[in-house]
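Comments concern the structure below.
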Amino acid sequence: MATRVLILGGTAQARLLAQQIAPQLDVRLSLAGVTQTPINQSVPTRRGGFGGAQGLARYLREQAIDALVLAIHPFAARMPFNAAQAAASANVPLLRLLPPPWQSQPGDAWHIAPSLEAVPALLGSTPRTVLLTTGRQQLATFAQAPQHHYVVRSIEALPADLPLPNLTSIRRRGPFSLDDEITLMEAYAIDRLVSKNSGMDSVNAKLTAARELGIPVIMVARPPSPPMMTVSSIEAAVDWLRGQPSHH
């Protein structure tokens, strides 16, 4: 069994996997450092980048890592390519822990956007009240559609210089219940929901609320990823780790 494991994390799945294997293995968790106030971890944790694929490969070799688990957000676009390149270079087995994407249900009105940049055009010219649940990183994208009222929920404060004339910021950390989501959507008279297809919860309250309230959803498809061994559950990741050889 692999004894020294590096988890590239930032998701709840990464944290839970680390907690589960920590009693048996030498596990390190690496966080990219996007959230300024991350939840405390129960295993040794490093923050910040590695310096691209070459830096990560060097770390894997220097730390004699037996196995690399990629448990990052499905929308981290560059890291899967860096991880695949680094794992191949350092000859370290690589696994991706990735929840399956959400599928639309009967009663859903979904419009699929190939990227976040494609969303403003899909909102149309008529002014809407749009609930953005896509994080705070790319909000400037919506400056090209300033006619809409945007309601943004985020953990961190939004940048003060966002070029959005009609913006309501709500600072809350999830998870949110179905009642929370219905209350929010009704209070702000939301008529469009924008979501990334993270698939992070098997049943997602905001999508259920939109279905029940008849609110159309613009669902942003996941970015492309290189081919790699992928599992969707923590149990499957543990099984995979049991099958990897140790170099110690």
Side-chain angles (χ1 to χ4, degrees), residues 8 10-11 31-36 49 52-53 70-85 96 98-104 108-172 174 176 181 184-185 188 190-201 204 206-207 209-211 215-228 230:
L8 302 180
T11 62
L31 302 177
V34 175
T35 304
Q36 292 160 10
L70 190 59
I72 57 173
H73 195 277
F75 279 80
R78 212 171 39 241
M79 195 61 188
F81 292 91
N82 284 351
Q85 195 179 327
R96 183 147 198 204
L98 182 69
W102 293 312
Q103 308 290 338
S104 62
D108 283 332
W110 283 17
H111 307 271
I112 307 299
S115 66
L116 195 67
E117 290 72 27
V119 171
L122 289 172
L123 289 171
S125 55
T126 305
R128 304 279 182 198
T129 303
V130 183
L131 177 59
L132 294 179
T133 61
T134 53
R136 62 196 173 96
Q137 298 295 314
Q138 299 162 281
L139 290 174
T141 300
F142 293 91
Q144 58 185 285
Q147 70 273 27
H148 305 300
H149 172 205
Y150 295 104
V151 179
V152 178
R153 185 171 59 195
S154 61
I155 299 169
E156 315 279 354
L158 300 181
D161 57 351
L162 276 174
L164 297 173
N166 198 354
L167 175 68
T168 300
S169 172
I170 303 170
R171 289 185 64 183
R172 282 184 205 151
F176 304 103
E181 300 294 40
L184 174 77
M185 291 179 192
Y188 289 94
I190 300 299
D191 55 16
R192 290 292 183 277
L193 169 65
V194 179
S195 172
K196 292 176 172 177
N197 197 339
S198 69
M200 298 302 276
D201 322 286
N204 188 274
K206 69 187 172 193
L207 300 178
R211 186 185 315 130
I215 296 170
V217 176
I218 297 179
M219 184 63 73
V220 183
R222 293 176 176 183
S225 176
M228 63 181 74
T230 302

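Worth saying up front: this structure is predicted, and the values here are computed from it rather than measured.
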side-chain contact (heavy atoms from CB on, under 4.5 Å) partners of T134, counting only residues at least two apart |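 Partners of T134 by the side-chain contact (heavy atoms from CB on, under 4.5 Å) criterion, ordered by chain and then number, come out as L116, L132, V194, K196.
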With sequence neighbours excluded, residues passing side-chain contact (heavy atoms from CB on, under 4.5 Å) with R192 |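 Result, side-chain contact (heavy atoms from CB on, under 4.5 Å) vs R192: L123, R128, V130, P216.
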Does [X] use its side chain to pair, donor to acceptor, with the backbone of [Y] at less than 3.5 Å?
| X | Y | result |
| --- | --- | --- |
| T141 | E117 | no |
| N197 | W102 | yes |
| E181 | A210 | no |
| D191 | T129 | yes |

What are the two closest heavy atoms between [X] and [Y], and how far apart are they?
| X | Y | value |
| --- | --- | --- |
| A76 | P80 | O-CD, 3.1 Å |
| G52 | N82 | CA-ND2, 3.9 Å |
| Q147 | G124 | NE2-O, 3.1 Å |
| P120 | F142 | CG-CD2, 3.9 Å |
| R96 | S225 | NH1-OG, 3.2 Å |

Could you check whether the rings of H148 and Y150 sit parallel, tilted or perpendicular, using 30° and 60° as the cut-offs?
->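 Taking Y150 first and then H148, their aromatic rings stand perpendicular (interplane angle over 60°).
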Would you check if [X] and [Y] make a side-chain contact, meaning some heavy-atom pair closer than 4.5 Å?
| X | Y | result |
| --- | --- | --- |
| V119 | V220 | yes |
| L131 | M185 | yes |
| L207 | M219 | yes |
| R153 | L184 | yes |

Trace of the side chain to side chain contact (heavy atoms under 4.5 Å, CB included) decision for L158 with L167 = CA-CA 10 Å; L158 300 181; L167 175 68; 4.0 Å; yes
To the closest 0.5 Å, what do you measure between [atom1] ([X]) and [atom2] ([Y])?
| X | Y | atom1 | atom2 | answer |
| --- | --- | --- | --- | --- |
| S198 | R222 | OG | CZ | 7.0 Å |
| T11 | L31 | OG1 | CG | 9.5 Å |
| L139 | S154 | CG | OG | 8.0 Å |

Taking it one step at a time, do V151 and I170 satisfy side chain to side chain contact (heavy atoms under 4.5 Å, CB included)?
-> CA-CA 7 Å; V151 179; I170 303 170; 3.6 Å; yes
Derivation of the side chain to side chain contact (heavy atoms under 4.5 Å, CB included) call for T133 and L193 | CA-CA 8 Å; T133 61; L193 169 65; 3.8 Å; yes
Go through the structure and list residues passing side-chain hydrogen bond (donor to acceptor under 3.5 Å, both in side chains) with T168, not counting sequence neighbours.
->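 Once residues adjacent in sequence are excluded, the partners of T168 under the side-chain hydrogen bond (donor to acceptor under 3.5 Å, both in side chains) criterion are H149.
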